[in-house]
K.L.:
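One structure is given below, represented as C-alpha cells, and several questions about it will come after.
Atom set for the values below is all heavy atoms of this structure, side chains included, hydrogens, waters and symmetry mates excluded. Note that the numbering runs from 1 along the sequence shown for the chain.
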Amino acid sequence: MTSDAIETTQCQQKDPVDLFHSGHFVKICAPMVRYSKLAFRTLVRKYNCDLCYTPMIIAADFVRSVKARDSEFTTSKGDRPLIVQFAANEAQVLSDAARIVCPFADGIDLNCGCPQRWAMAEGYGACLINKPELVQDMVRHVRNQVEDPRFSVSIKIRIHDDLKRTVDLCRKAEATGVSWITVHGRNVEDRHQPVHYDAIKIIKQNMSIPIVANGDVKTLKDAENIHHMTGTDGVMVARGLLANPAMFAGYEETPLKCIQDWVDIALEHGTPFTCFHHHLMYMMERITSKQEKKVFNVLSSTSAVLDYLNDHYGV
C-alpha cells in the first residue's frame, strides 16, 4: 500500500454520502480490474468525475500480505473521494481490510456483483446476492469496527430474476447501515443483454438510502437519461469511461487534450507499458480507422507510442 502523501491524505476525510445531497446526480468511475488504478482515476477526475472506485481487491490477500497491499492499493493526495472495493466472504476479514484503508480512503464497497466463475466458486461476488444475512453481517462488522462514522460502507449488486428477492436484500442491507447501493441492472447469467432499468427504478422506489445505476452508459446524455428514467442518485460507468475518459465533461468522443493528459499522467505515475497502451487503444477506438488501429495496436514500446501520437496527432 503506497501513498504519495499519506499525512495529507489522512486529514482529508469527508463524508462521501454528502455527494448524494449535492443537488445533481453523482458521476462515478466503476471498479475495473487492471484499469481503475491511480493514474486513470487521476485522469477522469480532471473531467468531472465525482467519485472513483479502486479495482476489486481480494480482502483476505490484502489483510494477509504486505506485498498485496503495496501492489493493489496506491493513492495520492488528490485521489479523493475514493472508495476501495473488496471481494470478501468473511465479516472479520472485510472489517480488518476496511480498518487498514480507512485513513487513506473515504469508504469501502463490498462486491456482490462480479459474475465470473472463479469469484463465485470462492464465495465472492454475485453469489452474495443469495446470502443477505452474510452481507448484513459483513456490513455490521465494518460499521462496528471502523471508528470514523463518516467512512462509508456500500455494496454493488446484480439483480435476481425475482426482483422481490433483490428488494429484500437491499432492505436488509439498508437496515444494517449500508451507505448506498449500486445496482447493475442485469442478473448473474446476463452478459450483453439489455440492462433492466425498470428493475433499478423499482429498487430505488423501495429504498431511503441513495441508489446508483450501473450498466451500458456510453455518454453523458445516457447517464442523464438513466438518472431521469430510474430516479437514482448516481450513475456508475465502466467501459464508457475507458472509451472516453472525458465523457462526464460532455465530450462525445475522447478529445486530443484528454489523450495528452493521459500521456502526461501515465508517464508521471510510471504506468507499465501494457496498461498505458491498452488505455490508449480504448480511448482511440472511435477516432482511428481500421488501418490506423492495425499499426497502433501492435506498437511495443512507450517511445514507439509517443512517436506515433506525435506524428499523427501532434500529441
K.L.:
What heavy-atom pair brings Val188 and Ala126 nearest, and what distance separates the two atoms?
P.N.:
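Looks like CG2-CB, 3.7 Å.
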K.L.:
Answer yes or no: is there a side-chain heavy-atom contact under 4.5 Å between Lys204 and Thr230?
P.N.:
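No, side chains not in contact.
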K.L.:
Should Ile181 and Ile83 be counted in the same cluster of Ile, Leu, Val, Met, Phe, Trp and Tyr side chains packed under 4.5 Å apart?
P.N.:
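Result: no, two separate clusters.
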K.L.:
Quick one, Phe86 with Val63, criterion side chain to side chain contact (heavy atoms under 4.5 Å, CB included). Give me CA distance, side-chain angles, the key distance, then yes/no.
P.N.:
CA-CA 11 Å; Phe86 285 112; Val63 169; over 6 Å; no
K.L.:
Are the side chains of Arg186 and Asp216 in contact, using a 4.5 Å heavy-atom criterion?
P.N.:
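Contact flag for Asp216/Arg186 side chains = yes.
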K.L.:
Do any N or O atoms from the side chain of Thr254 and from the backbone of Ala243 form a donor-acceptor pair under 3.5 angstrom?
P.N.:
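Pair found, side chain donor or acceptor close to backbone of Ala243.
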K.L.:
Which atom names give the shortest non-hydrogen contact between Ala105 and Arg80, and what distance separates them?
P.N.:
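Result for this residue pair: O-NH2, 3.3 Å.
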K.L.:
Between Asp233 and His21, is any side-chain donor less than 3.5 angstrom from a side-chain acceptor?
P.N.:
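Absent: no donor and acceptor within the cut-off.
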K.L.:
Between Arg165 and Asp162, does at least one N-O distance fall below 4.0 Å, as a salt bridge requires?
P.N.:
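Looking at Arg165 and Asp162, the cut-off is not met.
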K.L.:
Quick one: closest heavy-atom pair of Met120 and Cys114, and the distance?
P.N.:
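For Met120 and Cys114, the tightest heavy-atom pair comes out as CG-O, 3.9 Å.
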K.L.:
Would you compute the distance between atom OG1 of Thr219 and atom CG of Asn225 and round it to the nearest 0.5 angstrom?
P.N.:
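Rounded to the nearest 0.5 Å, the OG1-CG separation comes to 7.5 Å.
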K.L.:
Quick one: does any side-chain atom of Lys293 pair with a main-chain N or O of Glu285 as donor and acceptor, under 3.5 Å?
P.N.:
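Confirmed, Lys293 side chain pairs with Glu285 backbone.
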K.L.:
Counting only heavy atoms not in Phe273 (residues, nucleotides, ligands), do more than 12 fall under 6.0 Å from its CZ?
P.N.:
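Above 12, so yes.
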K.L.:
For the residue pair Asn111 / Gln85, report whether a side-chain donor-acceptor contact shorter than 3.5 Å exists.
P.N.:
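A donor-acceptor contact under 3.5 Å links the two side chains.
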K.L.:
Does one hydrophobic cluster hold both Leu82 and Met56, with members joined at side-chain heavy-atom distances below 4.5 Å?
P.N.:
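No, Leu82 does not connect to Met56 through the hydrophobic network.
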K.L.:
Does the ring center of His312 lie less than 6.0 Å from the ring center of Phe296?
P.N.:
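Ring centroids of His312 and Phe296 are no less than 6.0 Å from each other.
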K.L.:
Which pair of non-hydrogen atoms, one from Cys112 and one from Ile129, has the smallest distance, and what is that distance?
P.N.:
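Heavy atoms of Cys112 and Ile129 come nearest at O-CG2, 3.2 Å.
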K.L.:
Between Val33 and Ile108, is there shared hydrophobic-cluster membership here, with clusters defined by ILVMFWY side-chain heavy atoms closer than 4.5 Å?
P.N.:
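No, Val33 and Ile108 fall in different hydrophobic clusters.
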K.L.:
Backbone N or O of Ala91 within a donor-acceptor pair of the Ser95 side chain at under 3.5 Å?
P.N.:
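Answer holds: no.
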K.L.:
Please report the closest heavy-atom contact between Val44 and Cys52, naming both atoms and the distance.
P.N.:
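Minimum heavy-atom contact is CG2-SG, 3.8 Å.
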K.L.:
About how many Å separate CE of Met229 and CD1 of Ile200, when rounded to the nearest 0.5 Å?
P.N.:
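The CE atom of Met229 is 9.0 Å from CD1 of Ile200, to the nearest 0.5 Å.
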K.L.:
Nearest 0.5 Å please: distance from the CD atom of Glu133 over to the OG1 atom of Thr176.
P.N.:
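Glu133 atom CD to Thr176 atom OG1 measures 9.5 Å (nearest 0.5 Å).
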K.L.:
Answer whether the closest heavy-atom distance between the side chains of Asn206 and Arg171 falls below 4.5 Å.
P.N.:
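When only atoms from C-beta onward are counted, Arg171 and Asn206 do touch, with a gap below 4.5 Å.
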K.L.:
So, taking the atom named NZ in Lys221 and the one named CD1 in Ile226, what distance separates them when rounded to the nearest 0.5 Å?
P.N.:
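Reported to 0.5 Å precision, the distance equals 11.5 Å.
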K.L.:
Does Glu253 use its side chain to pair, donor to acceptor, with the backbone of Asn244 at less than 3.5 Å?
P.N.:
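Side chain of Glu253 to backbone of Asn244: no pair is present.
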K.L.:
Under the side chain to side chain contact (heavy atoms under 4.5 Å, CB included) criterion, do Thr74 and Lys37 qualify, and how do the steps go?
P.N.:
CA-CA 8 Å; Thr74 305; Lys37 295 196 166 184; over 6 Å; no
K.L.:
Report the C-alpha distance between Asp79 and Thr75 in whole Å, list the side-chain angles of each, state the deciding distance to 0.1 Å, and finish with yes or no for side chain to side chain donor-acceptor pair (under 3.5 Å).
P.N.:
CA-CA 6 Å; Asp79 188 29; Thr75 187; 2.9 Å; yes
K.L.:
Answer yes or no: is there a side-chain heavy-atom contact under 4.5 Å between Arg41 and Tyr53?
P.N.:
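Arg41 vs Tyr53: side chains apart.
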K.L.:
Taking atom NZ of Lys172 as the centre, does the number of heavy atoms from other residues, nucleotides or ligands within less than 6.0 Å exceed 12?
P.N.:
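Yes, because the 6.0 Å sphere around NZ of Lys172 holds more than 12 heavy atoms from other groups.
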K.L.:
Would Lys201 pass as a cation-pi partner of Tyr197, given that its NZ or CZ must be under 6.0 Å from the six-membered ring centre and within 45 degrees of the axis?
P.N.:
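Geometry flag: not set, cation outside 6.0 Å or 45°.
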K.L.:
Are Met32 and Leu51 grouped together when hydrophobic residues (ILVMFWY) are joined by side-chain heavy atoms under 4.5 angstrom apart?
P.N.:
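No: no chain of side-chain contacts under 4.5 Å links Met32 to Leu51.
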K.L.:
Minimum heavy-atom separation for Ile265 to Lys46, with atom names?
P.N.:
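Scanning both residues, the minimum pair turns out to be CD1-CD, 3.9 Å.
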K.L.:
So, Arg158 side chain and His184 main chain: donor-acceptor pair closer than 3.5 Å or not?
P.N.:
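Pair absent, no side-chain N/O of Arg158 close to backbone of His184.
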K.L.:
Indicate the ring-plane relationship of Tyr47 and Tyr251, choosing parallel, tilted or perpendicular according to the 30° and 60° boundaries.
P.N.:
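Because their plane-to-plane angle is over 60°, the rings of Tyr47 and Tyr251 count as perpendicular.
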K.L.:
Angle between ring planes, Phe73 versus Phe62, binned at 30° and 60°: parallel, tilted or perpendicular?
P.N.:
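Perpendicular.
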K.L.:
Find out whether His196 and Asp190 are in side-chain contact, i.e. whether some heavy atom of one side chain is under 4.5 Å from a heavy atom of the other.
P.N.:
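His196 reaches Asp190 side chain to side chain.
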K.L.:
For Ser152 and Ser154, does a side-chain donor sit closer than 3.5 Å to a side-chain acceptor?
P.N.:
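Side-chain D/A pair, Ser152 to Ser154: absent.
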K.L.:
How are the rings of Trp180 and Phe20 set to each other: parallel, tilted or perpendicular (split at 30° and 60°)?
P.N.:
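Ring orientation of Trp180 relative to Phe20: tilted.
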K.L.:
Quick check: are there more than 12 heavy atoms from other residues, nucleotides or ligands sitting under 6.0 Å from CZ of Arg239?
P.N.:
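No, not enclosed.
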K.L.:
Check for a donor-acceptor pair, side chain of Asn89 on one end and backbone N or O of Glu122 on the other, with a separation under 3.5 Å.
P.N.:
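A pair under 3.5 Å: yes.
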K.L.:
Give the C-alpha distance, both sets of side-chain angles, the deciding distance and a yes or no for side chain to side chain contact (heavy atoms under 4.5 Å, CB included) between Asp106 and Val84.
P.N.:
CA-CA 8 Å; Asp106 299 278; Val84 182; over 6 Å; no
K.L.:
Tell me, with the steps shown, if Asp61 and Arg64 meet salt bridge (Lys or Arg N to Asp or Glu O under 4.0 Å).
P.N.:
CA-CA 5 Å; Asp61 296 344; Arg64 191 171 48 235; 2.6 Å; yes
K.L.:
To the nearest 0.5 angstrom, please state how far the CG atom of Leu242 sits from the CE atom of Met247.
P.N.:
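Rounded to the nearest 0.5 Å, the CG-CE separation comes out at 11.0 Å.
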K.L.:
When rounded to the nearest 0.5 angstrom, what is the spacing between CG in Leu299 and CE in Met281?
P.N.:
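Reported value, rounded in 0.5 Å steps: 9.5 Å.
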K.L.:
Backbone N or O of Lys218 within a donor-acceptor pair of the Asp222 side chain at under 3.5 Å?
P.N.:
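Yes, because the side chain of Asp222 sits within donor-acceptor range (under 3.5 Å) of the backbone of Lys218.
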K.L.:
Is any side-chain heavy atom of Lys156 less than 4.5 Å from a side-chain heavy atom of Asn214?
P.N.:
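Touching, per the 4.5 Å side-chain cut-off.
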K.L.:
Quick one: sort the His279 and Phe40 rings into parallel, tilted or perpendicular, breaks at 30° and 60°.
P.N.:
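Answer is parallel, since the angle falls under 30°.
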K.L.:
Do Val101 and Tyr124 belong together in a cluster built from hydrophobic side chains that touch within less than 4.5 Å?
P.N.:
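Each belongs to a different hydrophobic cluster.
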K.L.:
Got Ile203 and Thr166 here, is their nearest side-chain heavy-atom distance under 4.5 Å?
P.N.:
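They are in contact (side-chain heavy atoms under 4.5 Å apart), so the answer is yes.
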K.L.:
Between Ser179 and Arg143, is there a side-chain heavy-atom distance shorter than 4.5 Å?
P.N.:
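Sidechains of Ser179 and Arg143: in contact.
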K.L.:
Please test Leu43 against Cys49 for side chain to side chain contact (heavy atoms under 4.5 Å, CB included), starting from the C-alpha separation and ending with a verdict.
P.N.:
CA-CA 9 Å; Leu43 178 67; Cys49 185; over 6 Å; no
